[in-house]
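Read the numbers this way: they start at 1 and go in the same order the structure lists the ligands and their atoms.
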Amino acid sequence: MAHMHKQYPQLLLTASEMGMADKSAVVAGVPVMDLMAAAGKAVADAVLERWSTCSVLVLCGPGNNGGDGFVVAKLLQAAGWSVRLAFMGSVEKLSPEAACFFHAWQGEVEEYSVDLLEQTDLVIDAMFGAGLTRSLEGKARDMVDALIEREIPICAVDVPSGIDGTTGAVLGKVAPAELTVTFFRKKPGHLLFPGRGLCGELVVADIGIPVTVLDELNLQTWENSPELWYRDYPWPRLDGHKFHRGHALVFGGENITGASRLTARSAMRIGAGLVTLAAPIKAWAVYATALTGVMVAKLEQSQEAEDFEELLLDTRHNAIAVGPGAGLAGFESIRTRKIVLAALITGRATVLDADALSAFANDPQTLFDAINGPCVMTPHEGEFARLFPKINKSPEINNNLADDKLTRARLAAKQSGAVVVLKGADTVIASPDGRAIINSNAPADLATGGSGDVLAGFILGLLAQGMSPFDAAAAAVWMHGEVGNEVGAGLIAEDLPEHLPKVLAVFKRQYLSP
Ligand SMILES: NC(=O)C1=CN([C@@H]2O[C@H](COP(=O)(O)OP(=O)(O)OC[C@H]3O[C@@H](n4cnc5c(N)ncnc54)[C@H](OP(=O)(O)O)[C@@H]3O)[C@@H](O)[C@H]2O)[C@H](O)CC1
Ligand SMILES: [K+]
């Protein structure tokens, strides 16, 4: 993914990075006045495209977000709309640019009052944007509470007021917007919940910031897209054969056999050349009858870990998955730990999910110390909290004391040395080197049993075919979301691998056409 930093469109900027981009734009000769005028115009254009003439109330805050609002008010008025403007702040404290557009507004400037919401059909939320530093209070709080209660349509400038653009956290209740117009690039807060769920339709407007400013910023966060990794996607070669596509090895427990079967099948579906599922002799027949393309190896009773190590002596097993259905009860937990450590000591590509993570809840450092090769961990929030109990108290966590999923995932990747896939509706994929990708295509239908087992299998299959752990995790999470969309409502985990061929066909047409 060396070329990744050139993937401009998918880059995400934090509030401070956005501020640096603004400054670089000014140095590059684009005055803030032009940026603010362009920002306001982008909002007005987006509104004019979506709403017919109506009575609009523009709520302007004390900073440049408010400045954008002054521009919007003047443009909507010029388009023949009945526009009222309320301003909360002092003109003296406005930036020169905002003050200029304040004075350009010829209409009345009113005080914030919820009475203004009577006869209002649409509100432009230009109260707070990138400069939000604390929860809303006073008149802004009252106004937002009234907006929530009356469900008046809102177009938010940059972000709905109350959302931290860098983390997606909400500082107090936020009025959901129908439309949010942001500038230059999306921010993480547009893609991370709860922020993501409050933006409505998101429009990214080009306001004239030269894309070269991105080179000056050491940006490390992207929205997931095949653009980031399709060049390294392991398409089968015409002259190749199944051994070129790796040999994945999955450990299966004796009780919940479905989980590891889903993982194994998913690894097959995404293209692993061979897949072996190693199962305790007691459950061997269950696996053997259920699986056809997947080979099933027997692990002798009470020496499963040793037999698993035997299998690992065959270096053709180049990618290993442990966790789904591995077992945690009594002896199983000790066995699961042994098997995880046996996999890691080989230094080969490993996916650790579910029980493989929880088995180390009491001593995560033992697990982290054993990670010395390509490794992907796929915790959900519960497993994450067990493995990384102290992370939420790290100084790096965003000072809003609200959830900062992006930083948590990054810290966990750095601490463990593994690529961490922190799962959720807004899955974050973080690499130990600091890079992070936020996934944005997953439908709610994916929240179903077995979905994680399938994801582990997709990652495993791509690792078996030689993808790097960060690429494999990003590609697998994206594919997982796409098959979720393909199947839609009524989705069960078994559907996911079976619908992957359709998703791969579309992906291939789009990204592999010569
Ligand atoms: N990025 C771009 O290319 C452009 C962005 N524009 C717009 O500029 C805003 C960011 O403007 P900024 O002035 O930095 O910040 P805000 O307008 O969001 O906030 C204004 C000030 O409000 C104070 N503040 C913060 N939180 C609260 C709160 N909860 N209650 C009351 N007041 C609050 C804070 O000042 P303090 O001194 O009080 O801390 C903020 O400075 C961006 O979002 C875009 O919309 C440019 O216009 C165009 C280019
Ligand atoms: K806003």
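Applying the salt bridge (Lys or Arg N to Asp or Glu O under 4.0 Å) test between Arg84 and each of Glu111, Glu118, Glu110 identifies Glu110 as the sole match. Here the rule is side-chain contact (heavy atoms from CB on, under 4.5 Å) with Val123, and of Leu116, Val56, Leu59, Val58 only Leu59 fits it. Of the candidates Asp453, Thr448, Leu446, Leu455, Leu446 is the only one forming a side-chain contact (heavy atoms from CB on, under 4.5 Å) with Leu496.
Ligand 1 lies less than 4.0 angstrom from a heavy atom belonging to Ser135. Ligand 1 has at least one atom lying under 4.0 Å from a heavy atom of Phe183.
Atoms of ligand 1 lying under 4.0 Å from at least one heavy atom of Pro62, given by number and element, are 22 (O). Interface atoms of ligand 1 facing Asp22, defined by a heavy-atom separation under 4.0 Å, are 1 (N), 2 (C), 3 (O), 4 (C). Residue contact check: Gly129 has heavy atoms under 4.0 Å from atoms 16 (P), 18 (O), 43 (O) of ligand 1. Close contacts of ligand 1 with Glu137, meaning ligand atoms under 4.0 Å from a residue heavy atom, involve 30 (N), 31 (C). Residue Gly63 approaches ligand 1 through these ligand atoms, each under 4.0 Å from one of its heavy atoms: 13 (O), 17 (O), 20 (C).
At most 12 heavy atoms of other shown residues, nucleotides or ligands fall within 6.0 angstrom of atom CD in Gln119. Remark: Gln365 CD is packed, more than 12 non-hydrogen atoms of other residues, nucleotides or ligands lying under 6.0 Å away.
On a distance-only criterion, Met18 and ligand 1 share no N/O pair closer than 3.5 Å. Among the atoms of Val157, none of the N or O lies under 3.5 angstrom from an N or O of ligand 1.
For atom 44 (C) of ligand 1, the choice among Leu35, Asp68, Ile209, Ile207 with the nearest heavy atom turns out to be Asp68. Counting only non-hydrogen atoms, the option in Gly131, Ser161, Gly162, Gly89 that gets closest to atom 40 (C) of ligand 1 is Gly131.
The aromatic rings of Phe102 and Phe87 sit tilted relative to each other, their planes meeting at an angle between 30° and 60°. The aromatic rings of Tyr511 and Tyr230 sit tilted, their planes meeting at an angle between 30° and 60°.
Of all protein heavy atoms, the one lying nearest to atom 42 (C) of ligand 1 is Asp158 OD2, 3.3 Å. Among protein heavy atoms, the minimum distance from atom 26 (N) of ligand 1 is reached at Thr133 N, 3.1 Å. Closest to atom 8 (O) of ligand 1, if we only count protein heavy atoms, is Asn64 CB, 3.2 Å.
His480 and Ser451 share a donor-acceptor pair across their side chains, judged by distance under 3.5 Å alone.
Among the atoms of Gly129, none of the N, O or S atoms falls under 3.4 Å from the K ion (ligand 2). Residue contacts to the K ion (ligand 2): Met127 brings no N, O or S atom closer than 3.4 Å. Gly61 lies apart from the K ion (ligand 2) in this respect, since none of its N, O or S atoms is found at a distance under 3.4 Å.
Under the 4.0 Å criterion applied to side-chain N and carboxylate O atoms, Arg50 and Glu178 are not assigned as salt-bridge partners.
For the pair O of Val159 and O of Phe128, the angle whose vertex sits at the K ion (ligand 2) is 90° to 10 degrees. Angle O(Asp125) to the K ion (ligand 2) to OG(Ser161), rounded to 10°: 100°. At the K ion (ligand 2), the angle from O in Val157 to OD1 in Asn65 is 80° when rounded to 10°.
Inter-residue side-chain proximity for Pro62 and Ser90 is flagged as unmet; no heavy-atom pair is nearer than 4.5 Å. Between Lys173 and Val144, every side-chain heavy-atom pair lies at or beyond the 4.5 Å cut-off. The shortest distance between side-chain heavy atoms of Cys100 and Met33 falls below 4.5 Å. Two residues are said to be in side-chain contact when any heavy atoms from C-beta on lie closer than 4.5 Å; Asp68 and Phe183 meet this criterion. Side-chain contact check for Met127 versus Lys139: every heavy-atom pair is 4.5 Å or farther apart.
The parts of Asn65 lying near ligand 1 are both backbone and side chain, judged by heavy-atom distances below 4.0 Å. Contacts of Glu97 with ligand 1, taken as heavy-atom pairs under 4.0 Å, are absent altogether. Contacts between Arg134 and ligand 1 below 4.0 angstrom, taking non-hydrogen atoms only, involve backbone and side chain alike. With a 4.0 Å cut-off on non-hydrogen atoms, Phe128 touches ligand 1 through its backbone as well as its side chain.
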| Leu117 and Leu57: side-chain contact (heavy atoms from CB on, under 4.5 Å), yes or no, with the steps? | CA-CA 8 Å; Leu117 296 177; Leu57 170 63; 3.7 Å; yes
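Within 4.0 Å of atom 32 (N) of ligand 1, at least one protein heavy atom is present. Counting protein heavy atoms under 4.0 angstrom from atom 35 (O) of ligand 1 gives zero.
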